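Quick notes on the structure that follows.
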Number of protein chains: 2
Amino acid sequence: MSDVASLAGVSKMTVSRVLAGQSASEATRERVQHAIDELGYVADAAAGALSSGRSSFAAVLVPSLSSSNFSDTVSGLTAVLEPHGLELLIGDTDYLPEREERIVRQMLRHQPRCIALTGSQHTAATRTLLERSGVPVVEMWELPAAPVDMTVGFSNVSAAREMVRYLADKGHRRIAFLGGASELDRRGIDRLKGYQLEVKALGFGEPRVVRLGDSPITMSHGGPAMAALLERWPDTQAVMCVSDMSAFGAIMECQRRGLVVPDDIAVAGFGNFEISACCHPTITTVSVDAYGIGRRAGEALLRALAADAGERGAHAHRTARTRIHYAVVPRESA
Amino acid sequence: MSDVASLAGVSKMTVSRVLAGQSASEATRERVQHAIDELGYVADAAAGALSSGRSSFAAVLVPSLSSSNFSDTVSGLTAVLEPHGLELLIGDTDYLPEREERIVRQMLRHQPRCIALTGSQHTAATRTLLERSGVPVVEMWELPAAPVDMTVGFSNVSAAREMVRYLADKGHRRIAFLGGASELDRRGIDRLKGYQLEVKALGFGEPRVVRLGDSPITMSHGGPAMAALLERWPDTQAVMCVSDMSAFGAIMECQRRGLVVPDDIAVAGFGNFEISACCHPTITTVSVDAYGIGRRAGEALLRALAADAGERGAHAHRTARTRIHYAVVPRESA
DNA sequence: TTGAAAGCGATACCAA
DNA sequence: TTGGTATCGCTTTCAA
């Protein structure tokens, strides 16, 4: 910066101001900009952050980047936060709380301005870290009873119950659930729980549950799960899957066995992934606005940031809880 | 850090050393650690980077995070770089060179130790920035003639040609190509080019090309593209698609029209996405090890970093060019 | 093994 | 509108 300053014949402060877009005469601004281009100067963000006491980072944690659900959420966050000069520090927890803790700890070293993370399953240490961080935190994709700070999500339990009722309305009684084996995927566990509760409430007898595969559940898990299900409970009328991915795999397995979906067996998914509208038969599912979760989370963070800064016109209170809309989408498969 | 130091009854330097895992007596180490836990101290990475002149960031740019291809590559990079204490700064260019330039510029402010980016299509300014950065750079997914620095990829042109030959060997002559409309997706353009070259080389007459949709090409693009193709060239025998995603969409469109794949029309994809092995019929494709590209890129960067540091045992030269293996995978659809 | 002092490259604050 | 100075929190370097 000194080099730029002397080349432009001004002080470092003036260079700093030009870079920050603050008051400066047009002539000065031009000379400085010219010097910057000349030298190929790139300001050091670490120095800036240290000096100003504020970074330009927003920390974002998702369980998996390869699930389109979460990459959509990241896109939503990007769309909202980037225009405000925030850079996303993206971390992939791989559904492991210990890994999440490590990542949070590492990200906190960069003094992020705010933190968005997925779900409510954190280690005690992570929770303490988040609370002590002093920055706005939003947990996404669930509506935890005891959130760390803000929340943008929906009840996976209720959504799953609604799907069971939909299948029941279609006349099905022997309804099964295909989920993942992991205890760490809380959204998946909640959907299973919703299934169990509703099946019980409707008096449909013993739940038929097959749990197979690590999260993120992909289409490769659906086939084997469906095979196991048909082995154990061959008279199953309808299957709801923890996600559209496994539903697709399950439907493919049915086709291989010559079972017609939905005539021989109905199959429903969850999440309204692109595939469920494209494939044949199209998949009945629960639509969730993954991108919207990201947007809303980003907006909540910005509001909290504005409130913390005591900005004019900013409401003094945060948006503690944003409930995201979901809906059963009837299609061909169930 | 001062607080930690005085609580532990040592100097700041000792705290710093304990944090860095350097020489310190066991007793000291314990007292310092205790003080850290007590106070919930989190070291400031910006200050550390400023002081030491080196950050812990590795910059990674991909065209899209929602394509499993690229998220797999990011996973590969993570697997290799993270154990070396590097934190990934991930950016999504959305296939826009101007956006890439903005992101590179912003990331360079954080003084990344190395840079991995996708493809060879950069603005002139981006190229200059990369060259001036002075850190190892790797371009992935292509084998550009004039790389910025290192390269890990394969020839999309050759791979596409190989697929055309495969289809020709199956007896097809009237072969079409379904691709995206964007001129900015170089991998897609190269595959198209490979198709055109090989069709011409084989004397199969005028190329039949349908270009439709923005990158990343998803399964939703395949159906309309196939519809347009059949409209214009109803007697097409085989179709190769720019990716498995569009191939899947195209096959679904065929099913809707009562066309049997591959009997009525053969369809091939590219990339060996999970879906192509799961769906029905399974999709003939070109397998590319996306995760491996990430791994190899990470390894090349680490080697370059070691060489730059003049490390004992490190070869003095970088791995300029890593050619990634690809192969046509015959399946049911073609 | 430990400590003291200097400085990394910006920005905040106060003056001119 | 511009400049000088102190300072952010850490690591490097040198000395004990």
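Numbers restart at 1 for each chain; the letters A, B, ... are given by sequence-line order, proteins then strands. None of these values were measured; they are calculated from a predicted model.
- Taking the 5' to 3' direction, DNA chain D first and last meets chain A under 4.0 angstrom from a heavy atom at D:dT1 to D:dG9.
- In summary, the side chains of A:E142 and A:S120 do present a donor paired with an acceptor at a separation below 3.5 Å, with no hydrogens or angles considered.
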Could you write nucleotides 3-16 of chain C as a row of B, S and -, 5' to 3', where a protein heavy atom under 4.0 Å of any base atom gives B, of only sugar-phosphate atoms gives S, and otherwise -?
BB--BBBBBBB---
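- Between A:S71 and A:S68, the side chains place no donor N or O within less than 3.5 Å of an acceptor N or O (distance only, hydrogens not considered).
- A:L61 approaches A:M107 most closely through the heavy-atom pair CD1-SD, 3.9 Å.
- The distance between the ring centers of A:F70 and A:Y291 does not fall below 6.0 angstrom.
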May I have the list of side-chain donor-acceptor pairs in residues 108-116 of chain A shorter than 3.5 Å, sequence neighbours left out?
from   : atom 1 : to    : atom 2 : distance (Å)
A:H110 : NE2    : B:E87 : OE1    : 3.1
A:H110 : NE2    : B:E87 : OE2    : 2.9
A:R113 : NH1    : A:S55 : O      : 3.1

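- A heavy-atom distance below 4.5 Å is not found between the side chains of A:L305 and A:H84.
- The pair B:R295-B:E299 meets the salt-bridge criterion, with a side-chain N (NZ, NE, NH1 or NH2) lying under 4.0 Å from an Asp/Glu carboxylate O.
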